[in-house]
Colleague: 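Below you'll find the structure I mean.
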Amino acid sequence: MDSELKEILKGIKGNRDFYPEDYAEYKVIFDAMHKISKQFGYELYEGPILEYAKLIEYKSGQNLTTETYRLIDREKRKLVLRPEMTPSLARLIVNQHQRYPKPIRWYCLPRVFRDETPQRGRVKEHFQLNADIIGVNHPAADAEIIALTTSIIKTAGLKDEEFVCVINSRELLQSYLEFLDIKKKEEVIRIIDAKGKYVQNAIEADLIKKGFKSSESKVLAQRLRTIWQQDPRKEKNYPDIESKSDLAQYLDKLMIIEEKEVKAALEGIGLSSEQTSKVYDFTLIKGIPQDVIVALKSLDVGDKVKLAIENMEELLTYLESFNILKNCEFDMSIARGLDYYTGIIYEFLDRTGSVARAIAGGGRYDQLVESFGGGKIPATGIGMGETVLHSILKKLNRFPSYKHPAEVYVAAISEDVIAAAAKIVQDLRKDFSVVFNPFGWKLSRQLEDAGSRNVPNMVIVGKRDLNEDKVTLRDMKSGEQITVLISKLKEELEVKVI
RNA sequence: GCCCCGAUAGUAUAGCGGCUAGUAUUGUGGAUUGUGGCUCCAUAGAGGCAGGUUCGAAUCUUGCUCGGGGCACCA
């Protein structure tokens, strides 16, 4: 084979081929997304894969990130392969929202593209469910999106204890920083967001000082970071770490390391030691929502912060009404969505330890539509890629084994009954998935074919039966056969195919 | 962009400087003429790509490509 052709046939890095067995797994997730979105009364929409580069720039108010696929068309227009759906959604809303009564509940399952290095749960091309409520600014809307997402994740195959939705309020975080008279809010948020990295870097540096090899230190520090993030109270045992005396000591000190490193970073950008410890203590507030509300209420804060806390409390009541409180935690250290989110923000995290990335993430973005010149239209929504969820479910072995779609295999024994068989096939196809191979194959070959594809039922059409208006119905698994009148065939099959 | 690991038929693997590249399974065709999954026969199919070292490279080496994992980034 030509060497160039060989390279081409490998495909583009990070883009994916879905063979039928693979697609069947993703379909479990897609079906859950469609089914639940419909259950919640969301309408399906779609947009173009190509958009003007400017549209993405408007949304973010900055230049295109390096990850966006760019292209130029024949008319020299600068276009992009959509890296996310929200800008297109905002475009649709700005253009025609007046046609629709509010709130608008829409969902979409677009293929989106990002030119980034593939990692676990991260590829260049993926499907990303978007579900949004547009036109109301009410905590119940945020709660509904969280309920919808929870339901999808559970329908796809995860159990309650295997994931968690962590919730914070950007409004609360910001107003609290304002209350403390902190100017560099963005930088503080960035440090809080990256605290895991501070812990990891400190451990890595310490390990190198102790004489570990640089590459080994990196791996070990990562492992400790993962433990610290997923199990801060150290409830489980970690034999791989505990067996090494050099490492075991870190397990108990993770919280201390975090405090020291994060505080140093905060003071490093000019916060007073009082501001630093107040901010740090604030980020430690996390846990079951009721407890967090109590802790927040005990803080001595201004009216603006109190309002934000009341908002959180209201959200809590809706989470409870929607029966998803058990899936939720409030966590003041979650700082996702620096740029666009304005209120409640949330992300769904894996608790099985398979994948570090978020399963889904979303929040309230009340100013986005306005920034496109579309008037003050509040909105909240979620984005959920299929890759992280798939990766977790795969690791847990939750996908059913692959099944060929055909329910019935119709075999014609000889060429002179093909016409009669074809007629039966046509009729059966109104109710069943039917495979028919009228290629003049011998019966034994057709039996083997049906067997190798795991088609459960076979209808054998031959002259002998046909003379009495009958066919033979064979159960491929047991090998049992009965002859039935053609007119009764469907009835018989209906019992077998459920 | 950076780091680690890997790459032999569709799949799973063997060989580790002497290749005419072995095995299993899968594919295709056939042998039992209206009853398969067994057996048998035939047939097809591979060292990711490009260069270097060497008398000789699948094997050693360099770069790239693709895959897996991580960092940074992004969310």
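Lettering of chains follows the sequences in order, A, B, ..., and the numbering in each one begins at 1.
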Colleague: If you look at every heavy atom in A:Glu46 and A:Cys108, which pair is closest and at what distance?
Modeller: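 Here A:Glu46 and A:Cys108 meet closest at OE1-SG, 3.7 Å.
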Colleague: Expressed in whole Å, how much space separates the C1' atoms belonging to B:U62 and B:U25?
Modeller: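 The answer is 36 Å between these two C1' atoms.
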Colleague: What nucleic acid atoms does A:Ser414 come within less than 4.0 Å of, heavy atoms only: base, sugar-phosphate, or nothing?
Modeller: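 A:Ser414: no heavy atom of the nucleic acid under 4.0 Å.
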Colleague: Which whole number of Å gives the distance between the C1' atom of B:G27 and that of B:U11?
Modeller: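 The same atom, C1', in both gives a distance of 11 Å.
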Colleague: For B:G1, which nucleotide is its Watson-Crick or G-U wobble mate, given both distances must be under 3.5 Å?
Modeller: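 Paired with B:G1, as far as the under-3.5 Å criterion goes, is B:C71.
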Colleague: Pick the C1' atom in B:U54 and in B:C64, then give their distance to the nearest Å.
Modeller: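 Looking at atom C1' only, B:U54 and B:C64 are 23 Å apart.
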Colleague: In whole Å, I'd like the distance from the CD atom of A:Gln119 to the C1' atom of B:C71.
Modeller: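 Rounded to whole Å, this separation is 8 Å.
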Colleague: Just list the side-chain donor-acceptor pairs under 3.5 Å for residues 409-425 of chain A, sequence neighbours left out, or say none.
Modeller:
from	atom 1	to	atom 2	distance (Å)
A:Tyr409	OH	A:Asn437	ND2	2.9
A:Tyr409	OH	A:Asp449	OD2	2.6
A:Ser414	OG	A:Asp416	OD1	2.5
A:Asp416	OD2	A:Lys463	NZ	3.1

Colleague: Between residues 462-483 of chain A and RNA chain B, which residues have a heavy-atom gap below 4.0 Å?
Modeller: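 Residues of residues 462-483 of chain A under 4.0 Å from RNA chain B: A:Gly462, A:Lys463, A:Arg464, A:Asp465, A:Thr472, A:Arg474, A:Met476, A:Gln481.
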Colleague: Give me the distance, rounded to whole Å, that separates B:A46 from B:G37 when you measure between the C1' atoms they each carry.
Modeller: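 Pairwise C1' distance, B:A46 against B:G37, rounds to 29 Å.
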Colleague: Would one find a side-chain N or O of A:Lys10 under 4.0 angstrom from OP1 or OP2 of B:G48?
Modeller: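 Answer no for this pair, as no side-chain N or O of A:Lys10 is under 4.0 Å from OP1 or OP2.
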Colleague: Is the NZ or CZ atom of A:Arg91 positioned over A:Tyr52's six-membered ring, under 6.0 angstrom from the centre and within 45° of the axis?
Modeller: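 No, cation not above the ring by the 6.0 Å, 45° rule.
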Colleague: Using the glycosidic torsion, which applies to B:G47: syn (within 90° of 0) or anti (everything else)?
Modeller: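 In terms of base orientation relative to the sugar, B:G47 is syn.
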Colleague: Expressed as a whole number of angstroms, how long is the span from A:Asp17:CG to B:G10:P?
Modeller: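 Atom-to-atom, A:Asp17 to B:G10, this comes out as 14 Å.
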Colleague: Looking only at the side chain of A:Leu443 (C-beta and beyond, no hydrogens), which of the listed nucleotides B:A46, B:G34, B:G70 gets closest?
Modeller: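 Shortest atom-to-atom distance from the side chain points to B:G34.
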Colleague: Taking the P atom in each of B:A9 and B:G1, what is the distance between them to the nearest angstrom?
Modeller: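 It works out to 28 Å between them.
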Colleague: Grab the CD-P distance between A:Glu21 and B:U26 for me, whole Å please.
Modeller: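 Taking atom P of B:U26 as the reference, CD of A:Glu21 is at 15 Å.
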Colleague: More 5' along RNA chain B: A:Lys13 or A:Thr117, using each one's nearest nucleotide?
Modeller: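 This one resolves to A:Thr117.
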Colleague: In residues 481-490 of chain A, what donor-acceptor pairs under 3.5 Å come from side-chain atoms, sequence neighbours left out?
Modeller:
from	atom 1	to	atom 2	distance (Å)
A:Gln481	OE1	A:Arg474	NH1	2.6
A:Lys490	NZ	A:Asp431	OD2	2.7

Colleague: What nucleotide among B:G34, B:A75, B:A31 has an atom nearest to a side-chain atom of A:Glu347?
Modeller: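 When the side chain of A:Glu347 is considered, B:A75 is the closest of B:G34, B:A75, B:A31.
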Colleague: For B:C40, give its Watson-Crick or G-U wobble partner with both distances under 3.5 Å, or none.
Modeller: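 Per the H-bond distance test, B:G30.
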Colleague: Sort out the partner of B:G17 for me: Watson-Crick or G-U wobble, both distances under 3.5 Å, none otherwise.
Modeller: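 Its partner is none (no Watson-Crick or G-U wobble pair with both distances under 3.5 Å).
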Colleague: Nearest-Å distance, CH2 (A:Trp441) to P (B:G36)?
Modeller: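 Those two atoms, CH2 and P, are 17 Å apart.
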Colleague: Test of understanding: with side-chain contact (heavy atoms from CB on, under 4.5 Å), list the residues that count as partners of A:Gln367, not counting sequence neighbours.
Modeller: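 Listed in chain order: A:Thr342, A:Glu370.
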Colleague: For B:C64, which nucleotide is its Watson-Crick or G-U wobble mate, given both distances must be under 3.5 Å?
Modeller: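 The base-pairing partner of B:C64, which may sit in any strand shown, is B:G48.
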Colleague: Let's see if you can work this out: which of B:G70, B:U35, B:U65 has an atom nearest to the side-chain heavy atoms of A:Ile460?
Modeller: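 Given the options B:G70, B:U35, B:U65, the side chain of A:Ile460 is closest to B:U35.
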Colleague: Which whole number of Å gives the distance between the P atom of B:G17 and that of B:U59?
Modeller: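 Between the two P atoms, the distance is 11 Å.
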Colleague: State which residues pass side-chain contact (heavy atoms from CB on, under 4.5 Å) with A:Glu171; sequence neighbours excluded, sorted by chain then number.
Modeller: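 Expected list: A:Ser169, A:Ala308, A:Asn311.
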Colleague: To the nearest Å, how far apart are A:Glu7 CD and B:G47 C1'?
Modeller: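 About 14 Å, once rounded to whole Å.
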Colleague: Would you say A:Lys6 reaches B:G47's phosphate, i.e. side-chain N/O to OP1/OP2 under 4.0 Å?
Modeller: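 Yes, because at least one side-chain N or O of A:Lys6 sits under 4.0 Å from OP1 or OP2 of B:G47.
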Colleague: Partner lookup for B:U23, please. Criteria are Watson-Crick or G-U wobble with both distances under 3.5 angstrom; report none if nothing qualifies.
Modeller: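 Base partner found: B:A12.
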Colleague: For A:Ile134 and A:Leu89: C-alpha separation, side-chain torsions, deciding distance, then whether side chain to side chain contact (heavy atoms under 4.5 Å, CB included) applies.
Modeller: CA-CA 10 Å; A:Ile134 295 144; A:Leu89 173 63; 4.1 Å; yes
Colleague: For the C1' atoms, the ones on B:C49 and on B:G67, what distance do you get once it is rounded to whole angstrom?
Modeller: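 Per the computed distance, 15 Å lies between those C1' atoms.
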Colleague: Can you classify the ring geometry of A:Tyr176 versus A:Phe282 as parallel (below 30°), tilted (30 to 60°) or perpendicular (above 60°)?
Modeller: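 If you compare the ring of A:Tyr176 with that of A:Phe282, the planes turn out parallel.
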Colleague: Which is more 5' along RNA chain B, the nucleotide nearest A:Gln128 or the one nearest A:Arg445? Just name the residue.
Modeller: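 Mapping each residue to its closest nucleotide by heavy atoms, the 5'-most match is A:Arg445.
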Colleague: In the strands shown, is B:U59 matched to any nucleotide by a Watson-Crick or G-U wobble pair with both distances under 3.5 Å, and which?
Modeller: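 Its partner is none (no Watson-Crick or G-U wobble pair with both distances under 3.5 Å).
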Colleague: On a whole-Å scale, what distance lies between the P atoms belonging to B:A31 and B:G18?
Modeller: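 After rounding to an integer number of Å, I get 44 Å for this pair.
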Colleague: Please state how far atom CD1 in A:Ile56 lies from atom C1' in B:C74, giving the value in whole angstrom units.
Modeller: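 Roughly 14 Å, once rounded to whole Å.
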Colleague: Is the ring pair A:Trp106/A:Tyr45 parallel, tilted or perpendicular, if the boundaries are 30 and 60 degrees?
Modeller: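 It falls in the tilted class, 30° to 60°.
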Colleague: Answer with base, sugar-phosphate or nothing: what part of the nucleic acid does A:Gly385 contact at a heavy-atom distance below 4.0 Å?
Modeller: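 Nothing, no nucleic acid heavy atom in range.
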Colleague: How many whole angstroms separate atom CG of A:Leu9 from atom P of B:G10?
Modeller: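 In whole Å, B:G10 P and A:Leu9 CG are 11 Å from each other.
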Colleague: Taking side-chain contact (heavy atoms from CB on, under 4.5 Å) as the test, write out the residues that go with A:Ala265, two or more places apart.
Modeller: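 Here the qualifying residues are A:Ile191, A:Tyr198.
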Colleague: Expressed in angstrom and rounded to an integer, what is the separation of A:Asp449 atom CG from B:G27 atom P?
Modeller: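 My rounded result for the distance is 10 Å.
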